[in-house]
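Read through the structure below, which is laid out as structure tokens, and then see the notes.
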Amino acid sequence: MKPETEAELAEMVAGLTEPVRIVGGGTRGVGGPEAVLETAGLSGITLYEPGALTLVAQAGTPVADIEAALAAEGQQLAFEPMDHRGLLGTSGTPTIGGVVAANISGPRRIQAGACRDFLLGVRYVDGMGQVIKNGGRVMKNVTGYDLVKLMAGSWGTLGVLTEVSLKVLPKPEAVATNAVHVASAGDAIQALSAALKSPFEVSGAAYDPQNGQALLRVEGFSDSVTYRTEQLKSTLSLIGEITDIPDPTELWQGLRDVMPFHGQEGDVWRISVKPTDAPDVVTRLEADQILLDWGGGLIWARVPEGTDLRARLGAFEGHATLVRADAKTAETLDRFQPEPTGVQALTRGLRARFDPRGVFNPGLMG
């Protein structure tokens, strides 16, 4: 099923007699029912007001189309969404609806916020085939119950997005990246934490153990970037040797897309923790390969196929999400961190309200 309009989608959903798997561009490899409901046919930017920093697009609009339109006006998506294709070995085209549904947010999240923080409004079809509108198309019109943020990160379990309204930001005039050479994850977290606690507005803070580098990005006006990077060098000079990374755009795109894991065998997990807990968690993971982002708050881990990483970690404060695995492992282990009993009850109640027939992505997220 591939509707071309919102009305056609609503009619299809109302007539469903079996559960469906909701797919945008098909780049994230989410399993589920054989019956597929695609949103790629709902495509196009319906409103763009550069002066108001707002953009409205149908859910199936390719992210590349949106980024091109924004770039022509010197603007960008602040939350820097990841492209999963290289990591998961998938094809297809990333869509803005898929980004919102999964709340995909890249390295700039530590400064600007997540995808959900830039959502102004949504339109979606619920499990009964009703078209629901929440929020607004511009910042001054955002009112009512905040279903907007509820839909972000719900992975299509509450409704099928048809349109999203976003706040966008100007592209920075200059970008600079410093690499602090460190010997361990502990030293890296020390450097990243010191930079993030400073007043110098770091917009990227990652650790690549393969190169032994804690990476720090600063963006903004040229003079400001020059001043802040020099101050950071002074602040971090006692932790390790510091070098400048020329033309860092590809570096941060690679970190965003977890490029060091591309083409490597094994399962991939995404672990969210307090940055200060990261060194201990990394040790307990015993992973074949790791990569840290968000100042250490996001850990990517590659482990042998079939590894139950949650069992290996034991009790910890955070969430472990299975991002890449074969069908058998994905069936055995929950993709998402199991919820506490109270939260699980809330989740089930929400799904029963939004999708009383249970037709959207059954088995996903509990």
Side-chain angles (χ1 to χ4, degrees), residues 1-14 22-28 37-81 83 92-105 112-126 129-156 158-171 354 360:
M1 292 178 283
K2 189 174 181 180
E4 300 292 330
T5 67
E6 183 180 73
E8 187 178 349
L9 170 63
E11 184 178 354
M12 287 181 178
V13 172
I22 300 169
V23 173
T27 64
R28 293 188 177 84
L37 178 58
E38 297 184 46
T39 62
L42 304 170
S43 184
I45 296 171
T46 54
L47 176 68
Y48 178 30
E49 297 184 357
L53 296 174
T54 55
L55 179 143
V56 182
Q58 293 188 74
T61 307
V63 173
D65 290 359
I66 291 174
E67 290 177 334
L70 293 174
E73 297 292 338
Q75 296 179 345
Q76 65 182 3
L77 294 171
F79 47 90
E80 209 169 0
D83 184 341
T93 302
T95 63
I96 193 63
V99 168
V100 171
N103 191 35
I104 302 299
S105 312
C115 171
R116 63 164 53 94
D117 298 311
F118 289 85
L119 269 179
L120 302 174
V122 294
R123 292 178 66 94
Y124 64 94
V125 174
D126 71 8
Q130 301 175 102
V131 177
I132 309 294
K133 173 186 175 184
N134 188 249
R137 299 185 112 201
V138 294
M139 283 179 276
K140 64 183 178 181
N141 285 340
V142 179
T143 58
Y145 292 108
D146 199 356
L147 301 182
V148 174
K149 289 184 172 56
L150 184 64
M151 294 299 293
S154 63
W155 286 80
L158 302 179
V160 185
L161 289 168
T162 61
E163 183 182 84
V164 298
S165 307
L166 297 163
K167 176 186 176 183
V168 300
L169 291 182
K171 275 194 169 184
F354 282 75
F360 293 151

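Treat the numbers as computed from the prediction; the structure is a model and nothing was measured.
V100 is listed as a side-chain neighbour of L119, based on a closest heavy-atom distance under 4.5 Å. In this structure, V160 and T39 have side chains that are in contact, with non-hydrogen atoms separated by less than 4.5 Å. Taking 4.5 Å as the limit, some side-chain heavy atom of I96 sits within range of a side-chain heavy atom of L166. Two residues are said to be in side-chain contact when any heavy atoms from C-beta on lie closer than 4.5 Å; V131 and Y124 fail this criterion. Contact of the P50 side chain with the L70 side chain is not registered, since no non-hydrogen atoms from C-beta on lie closer than 4.5 Å. Looking only at side-chain heavy atoms (C-beta outward), V122 and L147 stay at 4.5 Å or farther from each other. Annotation: side chain of F118 is in contact with side chain of L169 (closest heavy-atom distance under 4.5 Å). Looking at heavy atoms from C-beta onward, L37 lies in side-chain contact with P3 at the 4.5 angstrom threshold.
Pairing each heavy atom of G44 with each of T61, the nearest pair is N-OG1, 2.8 Å. Across A114 and D117, no two heavy atoms sit closer than the pair N-OD2, 2.7 Å. Minimum heavy-atom separation, Q76 to V168: O-CB, 3.6 Å. T93 and P62 get closest at one heavy-atom pair: CG2-CB, 3.6 Å. Contact between F79 and I104 at its shortest, heavy atoms only, is CD1-O, 3.6 Å. In plain terms, the two heavy atoms of I22 and G156 that are nearest each other are CD1-O, 3.2 Å.
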Requested in this report: Decide side-chain contact (heavy atoms from CB on, under 4.5 Å) for Q130 and V125; before the verdict, give the C-alpha distance in whole Å, the side-chain angles of both, and the deciding distance to 0.1 Å.
Outcome: CA-CA 5 Å; Q130 301 175 102; V125 174; over 6 Å; no
Query raised in the report: For I45 and V56, what are the C-alpha separation, side-chain angles and deciding distance, and is it a side-chain contact (heavy atoms from CB on, under 4.5 Å)?
Result: CA-CA 6 Å; I45 296 171; V56 182; over 6 Å; no
Report task. Decide side-chain contact (heavy atoms from CB on, under 4.5 Å) for L42 and L9; before the verdict, give the C-alpha distance in whole Å, the side-chain angles of both, and the deciding distance to 0.1 Å. Result -> CA-CA 9 Å; L42 304 170; L9 170 63; 4.0 Å; yes
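In this structure, S105 contributes its side chain and C115 its backbone to a donor-acceptor pair below 3.5 Å. Remark: side-chain polar atoms of E8 are paired, donor with acceptor, to backbone N or O of E4 under 3.5 angstrom. For Q58 (side chain) and S43 (main-chain N/O), a donor-acceptor pair under 3.5 Å exists by modelled atom type. In this structure a side-chain-to-backbone donor-acceptor pair under 3.5 Å is present from N134 to V148.
For residues 54-80, the pairs satisfying salt bridge (charged side-chain N to carboxylate O under 4.0 Å, His left out) are E80-R108, E80-R217, with sequence neighbours left out.
For the residue pair Y48 / Q75, a side-chain donor-acceptor distance below 3.5 Å is found, with atom types taken as modelled.
How far CG of L53 is from NZ of K167: 7.0 Å, rounded to the nearest 0.5 Å. One finds the CD1 atom of I132 at 8.5 Å from the CZ atom of F354 (value rounded to the nearest 0.5 Å). The OG atom of S165 lies 8.5 Å from the NZ atom of K133; values are rounded to the nearest 0.5 Å. Note: L47 CG to E163 CD = 8.5 Å, rounded to the nearest 0.5 Å. Remark: M12 CE to M1 CE distance equals 7.0 Å, nearest 0.5 Å.
Listed by chain and residue number, R123, T162 satisfy the side-chain hydrogen bond (donor to acceptor under 3.5 Å, both in side chains) test with E6 (two or more places apart in sequence, or in another chain).
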